[in-house]
Amino acid sequence: VQLQASGGGTVQTGASLRLSCAASGRTFSRHSVGWFRQAPGRERDLIAAIRWRDELTYYTDSVRGRFTLSRDNARNSVDLQMNSLKPEDTAVYYCAAIEDRAGWSKVSDRDSYRYWGQGTLVTVSS
């Protein structure tokens, strides 16, 4: 599976952005898709994940209620709608796919993801 992340940009506090993670070469049907972010000098951490087959979702506390995941069957993509953006959301955002056979409990384990997209930079100015 090849992943292509897009949608980053520079916005002001309170604005919205929509990131997209499109897959090629294979569908997401037996995968979960996670969105990670990495700020300068920080670890790359999971912020949200969705299991394709039943749309089970997970959000970290820092984004729950502001960010929403959705899948698009036609585009074979997973979108991350980001609202009420804050300066602390500034980071490079990565999407990644983990096979369902790894188990949902592994969705927060960065090392369990097999496929990664390139990062897309989100900058939120105050």
Side-chain angles (χ1 to χ4, degrees):
V1 178
Q2 294 180 325
L3 305 182
Q4 178 74 36
S6 61
T10 299
V11 296
Q12 293 187 328
T13 297
S16 298
L17 277 176
R18 190 175 185 89
L19 305 184
S20 182
C21 179
S24 61
R26 192 179 296 183
T27 68
F28 282 132
S29 61
R30 292 186 176 87
H31 297 79
S32 296
V33 176
W35 279 97
F36 292 75
R37 69 184 180 187
Q38 186 169 21
R42 304 287 296 274
E43 294 287 321
R44 186 179 301 185
D45 293 324
L46 178 76
I47 57 168
I50 184 169
R51 189 163 62 190
W52 183 268
R53 58 181 171 88
D54 60 4
E55 299 185 84
L56 176 66
T57 56
Y58 165 83
Y59 299 95
T60 60
D61 289 344
S62 61
V63 306
R64 187 177 296 115
R66 299 188 298 124
F67 293 8
T68 304
L69 285 165
S70 61
R71 72 178 196 192
D72 187 316
N73 292 340
R75 293 189 296 117
N76 197 32
S77 68
V78 170
D79 294 345
L80 181 67
Q81 177 66 39
M82 306 188 297
N83 299 328
S84 303
L85 283 163
K86 306 174 182 180
E88 51 263 44
D89 294 318
T90 295
V92 178
Y93 285 68
Y94 299 87
C95 65
I98 180 174
E99 295 173 336
D100 281 351
R101 61 184 176 181
W104 182 249
S105 64
K106 291 291 187 180
V107 77
S108 60
D109 179 10
R110 182 180 61 210
D111 294 335
S112 293
Y113 284 76
R114 183 173 181 181
Y115 308 103
W116 287 86
Q118 87 292 359
T120 185
L121 177 63
V122 172
T123 303
V124 184
S125 60
S126 58

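Closest approach of Ser84 to Arg66, counting heavy atoms only: O-NH1, 2.9 Å. Contact between Ser77 and Trp52 at its shortest, heavy atoms only, is O-CZ3, 3.4 Å. Across every non-hydrogen atom of Cys95 and Ala5, the tightest pair is SG-CB, 4.0 Å. The two atoms that bring Leu19 and Val122 nearest to each other are CD2-CG2, 4.1 Å, heavy atoms only. The shortest non-hydrogen separation linking Ala23 to Val1 is CB-CG1, 3.9 Å. The two atoms that bring Glu99 and Arg101 nearest to each other are OE1-NE, 2.8 Å, heavy atoms only.
Within the 3.5 Å criterion, the main-chain N or O of Val107 finds a donor-acceptor partner in the side chain of Tyr113. Between the side chain of Asp72 and the main chain of Ala22, no donor-acceptor pair closer than 3.5 Å is present.
Two rings, from Trp104 and Tyr58, have their centers 6.0 Å or more apart.
Here Asp54 contributes atom CG and Arg71 contributes atom CZ; the two are 8.5 Å apart, rounded to the nearest 0.5 Å. Between the OG1 atom in Thr120 and the CH2 atom in Trp35 there is a gap of 7.0 Å [rounded to 0.5 Å]. The OG1 atom of Thr60 sits 8.0 Å away from atom CZ of Phe67, with the distance rounded to the nearest 0.5 Å. His31 contributes atom NE2, which lies 14.5 Å from atom CD1 of Ile50 (distance to the nearest 0.5 angstrom). The line from CG of Leu46 to OG of Ser112 is 11.0 Å long, rounded to the nearest 0.5 Å. Atom CG of Leu3 and atom OH of Tyr94 lie 13.5 Å apart (nearest 0.5 Å).
Using modelled atom types and a 3.5 Å distance limit, the side chains of Gln81 and Asp79 yield no donor-acceptor pair.
Each of Arg53, Arg30, Arg51 was checked for a salt bridge (Lys or Arg N to Asp or Glu O under 4.0 Å) with Asp100, and the lone residue meeting it is Arg53.
When the shell of 6.0 Å around CD of Gln118 is examined, it contains more than 12 heavy atoms from other residues, nucleotides or ligands. Applying the 6.0 Å contact sphere to CD of Gln2 captures no more than 12 heavy atoms from other residues, nucleotides or ligands.
A salt bridge between Lys86 and Asp89 is absent, with no side-chain N of the basic residue lying under 4.0 Å from a carboxylate O of the acidic one.
Taking hydrophobic clusters as Ile, Leu, Val, Met, Phe, Trp and Tyr residues chained together by side-chain heavy-atom distances below 4.5 Å, Val63 does not share a cluster with Phe36. In the hydrophobic clustering of ILVMFWY residues, with side-chain heavy atoms under 4.5 Å counting as a link, Trp116 and Ile47 come out apart. Grouping the Ile, Leu, Val, Met, Phe, Trp and Tyr side chains by contacts below 4.5 angstrom, directly or via other members, places Leu80 with Val33.
Here the side chains of Ser16 and Val11 are not in contact, with every heavy-atom distance at 4.5 Å or above.
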Test Ser62 against Glu88 for side chain to side chain contact (heavy atoms under 4.5 Å, CB included), laying out the working first.
CA-CA 10 Å; Ser62 61; Glu88 51 263 44; over 6 Å; no
